[in-house]
Amino acid sequence: VAKDVAMHAAAMRPQYVKSTDVPTDVLEKEKDIMREQLLNEGKPADKVENILVGKVRKYYEEVCLENQVFIKAENKETVADYVKANGGVIATMIRFEVGEGIEKREDNFAEEVAKQMQGN
(Lines give C-alpha, C1' and ligand atoms only; values in the text may rest on other atoms or scores of the structure.)
Protein backbone atom coordinates (compact mmCIF):
# COMPACT_ATOMS: atom_id res chain seq x y z
CA VAL A 1 0.00 0.00 0.00
CA ALA A 2 2.79 2.42 0.95
CA LYS A 3 4.64 1.70 -2.29
CA ASP A 4 1.48 2.27 -4.36
CA VAL A 5 0.79 5.58 -2.60
CA ALA A 6 4.44 6.62 -3.01
CA MET A 7 4.26 5.87 -6.73
CA HIS A 8 1.01 7.85 -6.94
CA ALA A 9 2.63 10.82 -5.15
CA ALA A 10 5.63 10.70 -7.48
CA ALA A 11 3.42 10.69 -10.57
CA MET A 12 0.70 13.13 -9.48
CA ARG A 13 2.93 15.62 -7.63
CA PRO A 14 0.58 16.68 -4.81
CA GLN A 15 1.68 19.74 -2.85
CA TYR A 16 -0.10 18.90 0.40
CA VAL A 17 -1.27 15.76 2.23
CA LYS A 18 -4.69 17.01 3.41
CA SER A 19 -6.96 19.89 2.48
CA THR A 20 -6.39 21.31 5.97
CA ASP A 21 -2.66 21.58 5.13
CA VAL A 22 -3.33 24.19 2.43
CA PRO A 23 -2.37 27.60 3.89
CA THR A 24 -5.32 30.00 4.09
CA ASP A 25 -3.50 32.70 2.12
CA VAL A 26 -2.89 30.25 -0.74
CA LEU A 27 -6.52 29.11 -0.67
CA GLU A 28 -7.85 32.69 -0.59
CA LYS A 29 -5.62 33.63 -3.54
CA GLU A 30 -6.95 30.65 -5.52
CA LYS A 31 -10.53 31.57 -4.59
CA ASP A 32 -9.96 35.14 -5.78
CA ILE A 33 -8.66 33.86 -9.11
CA MET A 34 -11.60 31.45 -9.49
CA ARG A 35 -14.10 34.17 -8.49
CA GLU A 36 -12.66 36.57 -11.08
CA GLN A 37 -12.77 33.88 -13.79
CA LEU A 38 -16.41 33.09 -13.02
CA LEU A 39 -17.40 36.76 -13.15
CA ASN A 40 -15.51 37.18 -16.44
CA GLU A 41 -17.45 34.21 -17.84
CA GLY A 42 -20.65 36.11 -17.10
CA LYS A 43 -21.82 34.03 -14.14
CA PRO A 44 -24.30 35.89 -11.90
CA ALA A 45 -22.58 37.35 -8.83
CA ASP A 46 -25.11 35.75 -6.46
CA LYS A 47 -24.34 32.26 -7.86
CA VAL A 48 -20.54 32.63 -7.85
CA GLU A 49 -20.10 31.66 -4.18
CA ASN A 50 -22.10 28.44 -4.69
CA ILE A 51 -20.03 27.56 -7.75
CA LEU A 52 -16.83 28.28 -5.79
CA VAL A 53 -17.61 25.42 -3.38
CA GLY A 54 -17.31 22.92 -6.23
CA LYS A 55 -14.25 24.63 -7.68
CA VAL A 56 -12.46 24.54 -4.31
CA ARG A 57 -13.26 20.82 -4.02
CA LYS A 58 -11.76 20.32 -7.49
CA TYR A 59 -8.68 22.36 -6.44
CA TYR A 60 -8.19 20.07 -3.43
CA GLU A 61 -8.40 17.05 -5.76
CA GLU A 62 -5.49 18.48 -7.73
CA VAL A 63 -3.14 19.57 -4.92
CA CYS A 64 -3.94 17.33 -1.91
CA LEU A 65 -2.74 13.72 -1.83
CA GLU A 66 -5.68 12.39 0.18
CA ASN A 67 -8.24 14.06 -2.11
CA GLN A 68 -6.73 12.83 -5.38
CA VAL A 69 -8.36 9.96 -7.24
CA PHE A 70 -6.01 7.01 -6.76
CA ILE A 71 -4.43 6.20 -10.14
CA LYS A 72 -4.59 2.43 -9.60
CA ALA A 73 -8.25 2.49 -8.51
CA GLU A 74 -10.89 1.40 -10.97
CA ASN A 75 -13.81 2.96 -9.10
CA LYS A 76 -12.73 6.61 -8.63
CA GLU A 77 -11.53 5.80 -5.10
CA THR A 78 -9.50 8.57 -3.43
CA VAL A 79 -6.04 7.93 -2.02
CA ALA A 80 -7.41 8.46 1.52
CA ASP A 81 -10.14 5.85 0.92
CA TYR A 82 -7.61 3.37 -0.50
CA VAL A 83 -5.25 3.78 2.46
CA LYS A 84 -8.09 3.59 5.00
CA ALA A 85 -9.53 0.46 3.35
CA ASN A 86 -6.14 -1.19 3.76
CA GLY A 87 -5.83 -0.24 7.43
CA GLY A 88 -3.45 2.66 7.07
CA VAL A 89 -3.21 6.39 7.64
CA ILE A 90 -1.11 8.96 5.79
CA ALA A 91 0.80 10.83 8.49
CA THR A 92 3.10 12.93 6.32
CA MET A 93 4.70 13.10 2.90
CA ILE A 94 8.13 14.13 1.74
CA ARG A 95 8.54 14.29 -2.00
CA PHE A 96 11.87 14.60 -3.81
CA GLU A 97 12.20 15.43 -7.47
CA VAL A 98 15.31 14.66 -9.49
CA GLY A 99 17.14 17.83 -10.42
CA GLU A 100 15.17 20.00 -8.01
CA GLY A 101 17.29 22.91 -6.81
CA ILE A 102 20.03 22.38 -9.37
CA GLU A 103 20.96 25.59 -11.12
CA LYS A 104 21.32 25.39 -14.85
CA ARG A 105 24.72 26.54 -16.01
CA GLU A 106 24.61 29.32 -18.55
CA ASP A 107 27.50 29.22 -21.01
CA ASN A 108 28.18 31.94 -23.52
CA PHE A 109 30.41 30.33 -26.11
CA ALA A 110 31.18 33.62 -27.89
CA GLU A 111 32.44 35.20 -24.65
CA GLU A 112 34.62 32.17 -23.90
CA VAL A 113 36.25 32.31 -27.32
CA ALA A 114 36.78 36.09 -27.02
CA LYS A 115 38.46 35.66 -23.61
CA GLN A 116 40.73 32.94 -24.98
CA MET A 117 41.68 35.08 -27.98
CA GLN A 118 42.61 38.01 -25.71
CA GLY A 119 44.82 35.74 -23.60
CA ASN A 120 47.06 34.84 -26.61
Side-chain angles (χ1 to χ4, degrees):
V1 173
K3 181 181 176 188
D4 287 343
V5 173
M7 289 173 53
H8 173 94
M12 301 305 289
R13 303 174 67 179
Q15 298 170 343
Y16 310 99
V17 175
K18 304 173 183 180
S19 57
T20 55
D21 295 343
V22 179
T24 44
D25 60 326
V26 172
L27 182 60
E28 288 305 316
K29 184 178 177 184
E30 286 297 322
K31 280 183 171 179
D32 290 342
I33 292 169
M34 291 177 210
R35 191 176 290 116
E36 189 174 320
Q37 287 174 341
L38 289 169
L39 291 172
N40 288 342
E41 291 172 6
K43 303 289 185 207
D46 57 333
K47 304 283 186 204
V48 167
E49 292 306 314
N50 291 336
I51 297 170
L52 266 181
V53 173
K55 289 217 173 252
V56 168
R57 188 178 311 117
K58 187 75 174 160
Y59 173 73
Y60 286 149
E61 288 175 11
E62 292 173 13
V63 300
C64 299
L65 177 64
E66 287 189 348
N67 297 67
Q68 291 179 338
V69 175
F70 187 52
I71 53 178
K72 290 182 100 178
E74 296 174 10
N75 58 355
K76 300 276 185 183
E77 180 180 40
T78 65
V79 173
D81 293 339
Y82 173 74
V83 171
K84 187 176 180 180
N86 287 288
V89 176
I90 301 173
T92 188
M93 169 186 74
I94 299 173
R95 188 178 170 284
F96 294 98
E97 187 167 321
V98 176
E100 188 174 354
I102 295 176
E103 297 297 321
K104 184 178 177 187
R105 193 171 128 193
E106 296 289 330
D107 291 332
N108 187 332
F109 186 68
E111 270 183 27
E112 269 186 56
V113 171
K115 284 179 186 177
Q116 286 179 359
M117 296 301 285
Q118 289 174 351
N120 288 340

Heavy-atom pair of closest approach, residues Ala85 and Glu77: CB-OE2, 4.3 Å

Heavy-atom pair with the smallest gap, counting every atom of Gln68 and Pro14: NE2-CB, 3.7 Å

Side chain Glu66, main chain Val79, donor-acceptor under 3.5 Å: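 No, Glu66 side chain to Val79 backbone: no donor-acceptor pair under 3.5 Å.
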
Exam field: side chain Arg35 to backbone Leu52, donor-acceptor pair closer than 3.5 Å: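 Looks like no, no N/O pair under 3.5 Å.
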
Considering only heavy atoms from C-beta outward, does the side chain of [X] approach that of [Y] to under 4.5 Å?
X: Tyr82; Y: Lys72; result: no
X: Leu27; Y: Tyr60; result: yes
X: Ile33; Y: Gln37; result: yes
X: Glu62; Y: Met12; result: no
X: Cys64; Y: Asp21; result: no
X: Leu38; Y: Lys55; result: yes

Would you say [X] and [Y] are hydrophobically clustered, going by side-chain heavy atoms of ILVMFWY under 4.5 Å?
X: Leu65; Y: Met7; value: no
X: Val5; Y: Ile71; value: no
X: Val17; Y: Val83; value: yes
X: Tyr59; Y: Ile51; value: yes

Can you measure from [atom1] ([X]) to [atom2] ([Y]) and round to the nearest 0.5 angstrom?
X: Asp81; Y: Asn86; atom1: CG; atom2: CG; value: 11.0 Å
X: Met34; Y: Leu39; atom1: CE; atom2: CG; value: 13.5 Å
X: Lys43; Y: Glu49; atom1: NZ; atom2: CD; value: 14.5 Å
X: Lys58; Y: Glu61; atom1: NZ; atom2: CD; value: 5.0 Å

Ring pair (Phe, Tyr, Trp, His ring centres under 6.0 Å) partners of residues 5-44, not counting sequence neighbours, each pair once: His8-Phe70

Within 6.0 Å of CD in Glu36, more than 12 heavy atoms from elsewhere: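 No, the 6.0 Å shell around CD holds no more than 12 heavy atoms from other groups.
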
Co-members of Val53 in a cluster of I, L, V, M, F, W and Y side chains, linked at under 4.5 Å: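 Members other than Val53 - counting any ILVMFWY side chain reachable under 4.5 Å - there are none.
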
